[in-house]
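First the structure, in the form of structure tokens, and then the observations on it.
As the structure is a prediction and not an experimental result, all values here were calculated from the model. A note on names: the letters A, B, ... follow the listed sequences, proteins ahead of strands, and every chain is numbered from 1.
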Protein chains: 2
Amino acid sequence: MSTTPTVYDVAERSGVSIATVSRVYRNPDSVRAQTRERVLAVARDLGYVPSGNARGLASRSTGVLGLCFPDYSDPDAESEVEAGHGDEADDEAAMLYSDQIIRGMERAARRHGYALLIAASLKGGPESLVAKVAGRVDGFAVLARTVPTEDLEVISRRQPVVMLAGPRESNQLDHLDHIEVANSDGQRELTRHLIEDHGLRRLAYVGFAEESPDVEARFRGYVEACRAAGIEVGAEPDLRVPMMTQAEGARAADALLDRLGDRPEALLFANDQMAVGALHTLERRGLRVPQDVAVTGFDGIALSRLVRPAVTTVRQPMRRMGEEAVELLVRRLSGGQPAQNAAEPVSMTLPVSVVRRASCGCKPA
Amino acid sequence: MSTTPTVYDVAERSGVSIATVSRVYRNPDSVRAQTRERVLAVARDLGYVPSGNARGLASRSTGVLGLCFPDYSDPDAESEVEAGHGDEADDEAAMLYSDQIIRGMERAARRHGYALLIAASLKGGPESLVAKVAGRVDGFAVLARTVPTEDLEVISRRQPVVMLAGPRESNQLDHLDHIEVANSDGQRELTRHLIEDHGLRRLAYVGFAEESPDVEARFRGYVEACRAAGIEVGAEPDLRVPMMTQAEGARAADALLDRLGDRPEALLFANDQMAVGALHTLERRGLRVPQDVAVTGFDGIALSRLVRPAVTTVRQPMRRMGEEAVELLVRRLSGGQPAQNAAEPVSMTLPVSVVRRASCGCKPA
DNA sequence: ACCTAGTATGAATGCGCTTTCATTCACATA
DNA sequence: TATGTGAATGAAAGCGCATTCATACTAGGT
């Protein structure tokens with residue numbers, strides 16, 4: 001009662017060796033039925049549960065896959081729905097990027113007999129959470145920018161790692177498998193839509209200050225579409241924000257409207273949360289969306305459709321990204337250890353789709 | 001390169017003993033700065049990452065909390081939104097019960113320095129997934145009916161377990177901590193609302209065939225409200241379905257409408273998914289909701305608000321349930337091993353709230 | 001110069017299980 | 001009866017780390 005039972009206890013009480021006890025769990029058929037039953041009975045009686053740690057140590061594999069994601073929780077997000085929709089506060093409406101990936105990974109992992117260990121990066125934790133995760137899984141996925149490149153480099157020498165969202169780091173991480181979405185294509189198509197289908201030409205783009213491959217790619221798509229339409233644009237977004245939250249989006253809209261001489265006809269944001277924040281600013285300033293100003297986001301999170309007007313955006317197949325990540329990991333894992341290093345790194349780009357809603361004028365508000 | 005580096009490798013290359021290497025990670029201050037740096041440099045060079053398994057084995061604690069949840073995924077769920085809302089397929093809209101709990105647990109776990117291991121029960125997997133989880137965590141939460149009572153009984157003797165949703169099993173599991181929601185209160189209030197505020201009196205309840213404490217409690221609330229209003233009801237739901245999915249909900253609505261002589265004025269379902277399924281059936285049959293028939297669900301999942309008409313339901317604080325679960329576990333874990341058994345089992349009931357929407361006639365469709 | 005209280009480090013043991021490899025046993029074959 | 005076979009089981013050696021205890025060393029104190 002005081003100490004948890006081990007193989008030794010079970011072995012002793014059932015008159016067999018620990019090897020047999022182990023076999024009963026690992027490979028039941030290799031033990032005579034009669035013996036097996038006896039062992040199982042004792043185990044049940046004692047309350048024995050094999051230690052995953054010991055198991056993992058001895059067999060050097062855990063049957064667990066991991067995911068490290070950034071703590072992007074947006075405190076605003078939860079009250080937004082209320083404000084925008086007139087319904088009660090609805091925390092379950094705000095399904096984040098990472099939630100989708102978790103779901104995708106969990107499902108795929110289960111199919112392959114793995115469990116999923118998830119951990120969000122604490123901003124400046126002393127102990128790198130990665131080390132914690134990395135030490136207990138057979139392989140894991142990392143959302144871009146969650147883990148210091150340096151750490152990743154070290155860890156990826158030890159076990160399969162797949163990088164999610166964001167291009168392959170050019171430096172030392174180019175041996176990682178990698179999954180991204182067609183950021184550039186999506187933003188280009190969305191921009192083209194605004195220009196050609198809605199006839200808008202005075203556009204403004206709001207991105208992220210810190211270097212972010214995704215945002216850069218999106219901005220690139222924006223620029224391409226503009227140039228293709230003969231609209232001149234700078235090499236930089238019209239505004240860069242410090243964080244891609246709703247609060248910053250709201251502030252950005254204000255700044256942009258104050259700054260630019262003639263009001264832009266459309267504000268394009270690098271993600272949905274900022275776009276939603278901007279909606280508020282515009283309402284406060286008495287501007288109608290999309291009549292006075294069109295607004296678009298990127299990501300396709302649930303929130304984007306719940307606010308009014310619903311935000312036109314680019315949907316990323318986040319769930320699928322999670323599934324693909326697991327597939328990649330499993331493939332590496334089953335390919336025999338040597339092959340793990342030998343195999344060429346895989347890099348896939350998942351397609352995105354433009355979702356036309358009310359905020360650009362495609363649907364009634 | 002071929003074999004992953006261990007403490008031994010690091011120790012050797014940096015000219016210290018493995019004990020020192022271990023200390024560098026566990027208790028950095030106990031090692032002279034100069035030595036520490038040397039060790040860390042070698043570790044970085046070698047690509048060393050401490051093995052969580054070995055760590056766990058030696059220190060008998062993992063720093064991981066677990067969650068076992070049932071595989072309630074509803075394949076229909078994803079196309080529903082499209083049909084009901086006229087928008088594109090929107091997989092991110094369907095945030096399930098378990099997703100919320102995961103989120104709550106993850107967040108609380110992170111606050112306490114734990115990671116989260118999640119695993120859905122494969123229907124009839126040979127290896128109990130519980131064993132898999134149980135063996136690798138310090139404690140875990142179980143969604144009711146995910147794990148055979150017998151297994152739970154065994155495992156709970158070994159580590160803290162908190163049971164989520166569903167009343168305390170009366171038999172042998174009454175020493176587990178336990179969190180449930182006010183199922184009965186919620187359903188009673190919702191029913192009262194239909195009767196008193198909307199003047200409906202011909203009601204029909206659809207529940208679950210298999211014994212489910214939650215559904216039973218909900219039905220009980222329904223019965224109480226009916227009786228209080230002088231409406232006679234049987235001791236059994238009007239219909240029991242084999243699974244609480246949309247497909248079953250749709251089928252149930254058909255069956256109910258065909259069977260009952262005079263059409264019920266309201267269909268009350270034991271969860272949202274069934275209610276949403278019923279919406280389709282009603283539309284197909286040319287019945288208007290809520291004018292011809294009111295429909296209600298239970299749970300308050302995101303889907304319930306996205307369909308048209310939005311479904312009136314009872315919201316459960318699932319996220320909070322996840323958080324509370326972690327708090328409970330952490331408390332047990334930090335209370336010293338002996339206290340773990342000594343402490344009285346905690347049982348808490350979280351409040352729910354009725355969400356009035358269009359499907360009962362409270363809001364415009 | 002000698003003893004003491006720390007401090008930094010090493011040696012050794014054990015955590016609970018998996019996994020060869022060897023052994024035993026029951027039978028079938030010669 | 002001697003021999004070979006395959007099945008069931010045991011013995012023992014790790015897996016990679018934490019930790020206790022012992023030891024070497026440092027700096028004070030007298």
Side-chain angles (χ1 to χ4, degrees), chain A residues 2-39 42-43 46-64 127 131-132 134-138 155 158-159 337, chain B residues 2-39 42-43 46-63 127 131-132 134-138 158-159 337:
Chain A
S2 64
T3 167
T4 68
T6 73
V7 263
Y8 294 100
D9 302 315
V10 176
E12 186 176 2
R13 296 258 300 230
S14 49
V16 300
S17 73
I18 63 166
T20 297
V21 174
S22 177
R23 277 190 276 258
V24 165
Y25 287 89
R26 296 279 57 147
N27 193 354
D29 294 333
S30 73
V31 176
R32 195 174 17 152
Q34 178 189 331
T35 312
R36 193 192 321 142
E37 293 311 324
R38 184 154 33 96
V39 171
V42 172
L46 248 38
Y48 168 73
V49 176
S51 152
N53 284 324
R55 203 119 124 168
L57 221 210
S59 64
R60 73 209 89 238
S61 91
T62 63
V64 178
E127 274 265 4
K132 216 178 161 180
R136 342 194 120 276
V137 301
D138 291 340
I155 295 172
R158 175 189 211 267
Q159 61 191 213
Q337 294 320 310
Chain B
S2 64
T3 166
T4 69
T6 73
V7 264
Y8 295 99
D9 302 314
V10 176
E12 185 176 4
R13 295 258 300 229
S14 49
V16 299
S17 73
I18 64 164
T20 298
V21 175
S22 176
R23 278 190 275 258
V24 165
Y25 286 89
R26 295 280 58 140
N27 192 354
D29 293 333
S30 73
V31 177
R32 193 170 23 143
Q34 179 188 332
T35 311
R36 193 192 321 141
E37 292 312 323
R38 185 154 35 95
V39 170
V42 171
L46 248 39
Y48 168 73
V49 176
S51 152
N53 284 324
R55 206 119 123 167
L57 221 209
S59 64
R60 70 209 94 240
S61 92
T62 64
E127 274 265 3
K132 216 179 160 181
R136 349 193 115 272
V137 301
D138 292 340
R158 176 189 210 266
Q159 62 190 218
Q337 295 319 313

So, OP1 or OP2 of dG10(C): does either fall under 4.0 Å of a side-chain N or O from S17(B)?
yes
So, the side chain of R23(A) versus the backbone of S30(A): is there a donor-acceptor pair under 3.5 Å, distance only?
no
So, OP1 or OP2 of dT9(C): does either fall under 4.0 Å of a side-chain N or O from T35(B)?
yes
Checking dT9(C), dT18(C), dG16(D) against the side chain of L57(B) (C-beta onward), the nearest is dG16(D)
For atom CG of D9(A) and atom P of dC15(C), their distance in whole Å:
11 Å
Any R32(B) side-chain N or O less than 4.0 Å from OP1/OP2 of dT9(C):
yes
In this structure, how many angstroms lie between the C1' atom of dG16(D) and the CD atom of Q159(A), rounded?
15 Å
Which is more 5' along DNA chain C, the nucleotide nearest A58(B) or the one nearest R23(B)? Just name the residue.
R23(B)
Using OP1 and OP2 only, check whether a side-chain N or O of S59(A) sits under 4.0 Å from dC15(D).
no
Testing the basics here: between S51(A) and A54(A), what is the closest heavy-atom pair and its distance to 0.1 Å?
OG-N, 3.0 Å
Would you say R158(B)'s side chain and T4(A)'s backbone share a donor-acceptor pair under 3.5 angstrom?
no
Closest to side chain of R55(B), choosing from dT9(C), dC17(D), dG16(C)
dC17(D)
Taking all atoms of both residues into account, what is the closest heavy-atom pair of A43(A) and Y25(A), and its distance?
CB-OH, 3.2 Å
Short side-chain N/O contact to dC15(C) OP1/OP2 from R60(B), under 4.0 Å:
no
Please report, rounded to the nearest Å, how far the C1' atom of dC25(C) is from the CD atom of Q34(A).
15 Å
So what does S22(A) hit on the nucleic acid, given a heavy-atom distance under 4.0 Å: a base, only sugar-phosphate, or nothing?
base
Determine the contact category for V21(B): base if any of its heavy atoms lies under 4.0 Å from a base atom, sugar-phosphate if only primed atoms, P, OP1 or OP2 are that close, otherwise nothing.
nothing
Any side-chain N or O of Y25(A) under 4.0 Å from OP1/OP2 of dT19(C)?
no
Whichever of A19(A) and Y8(B) has its nearest DNA chain C nucleotide further upstream toward 5'
Y8(B)
Which of the following nucleotides, dC17(C), dT18(C), dC17(D), is nearest to the side chain of A54(A)?
dC17(C)
Could you check whether any side-chain N or O of R38(A) sits under 3.5 Å from a backbone N or O of V16(A), counting only pairs where one atom can act as donor and the other as acceptor?
no
I need the CZ-C1' distance between R36(A) and dT9(D), as an integer number of Å.
14 Å
I18(B) CD1 - dG14(C) C1' separation (whole Å)
12 Å
I need the minimum non-hydrogen distance between P28(B) and R36(B), along with the two atoms involved.
O-NE, 3.2 Å
By the 4.0 Å heavy-atom rule, please label G135(B) as base, sugar-phosphate, or nothing.
nothing
Presence of T20(B) side-chain N/O under 4.0 Å of dG10(C) phosphate oxygens OP1/OP2
yes
Tell me whether the side-chain N/O atoms of T6(A) come closer than 4.0 Å to OP1 or OP2 in dG16(C).
no
